[in-house]
Amino acid sequence: MTNVEERARFDDYELEDNYDFSDGIRGRFYKSKKIRTTLQLDNDILLFLKKQASEKHIKYQVLVNSLLRDYMSEVTK
């Protein structure tokens, strides 16, 4: 869209009432805002977290993030 005439054809665009997102991909355009950090944990805690994550088939970092997010939401209630 380089000029006014090209943009004008979209001025009267109407949205449909329903759209089919059944083939959509969740998070396709989501850009993670994660920040790399170093965290020192006791060995037994790290082993426990890794075992739990392995049983859930997720990375242990994802589990730690989830646990911290749950704690954060509980504290801020």
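Computed over heavy atoms, backbone and side chain alike; hydrogens, waters and symmetry mates excluded.
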> Could you state the interatomic distance from NZ (K59) to CG (N65), rounded to the nearest 0.5 Å?
Replying inline: 12.5 Å
> Rounded to the nearest 0.5 Å, how far does OG of S66 lie from NZ of K56?
Replying inline: 7.0 Å
Cluster overlap [X] with [Y], hydrophobic side-chain contacts below 4.5 Å:
X: F21; Y: L15; value: yes
X: V75; Y: L68; value: no
X: L63; Y: M72; value: no

> What are the two closest heavy atoms between L49 and Y60, and how far apart are they?
Replying inline: O-CB, 4.1 Å
>> Is it the case that atom CG in D11 sees more than 12 heavy atoms from other parts of the structure closer than 6.0 Å?
In response: yes
> Got a sec: does the OH of Y71 have more than 12 other heavy atoms crowding it under 6.0 Å?
Replying inline: no
> Side-chain contact, heavy-atom cut-off 4.5 Å: L47 with I45?
Replying inline: no
>> Using modelled atom types and a 3.5 Å cut-off, is there a donor and acceptor pairing between side-chain atoms of D42 and backbone atoms of D44?
In response: no
> So, does S54 use its side chain to make a donor-acceptor pair with the main chain of K50 at under 3.5 Å?
Replying inline: no
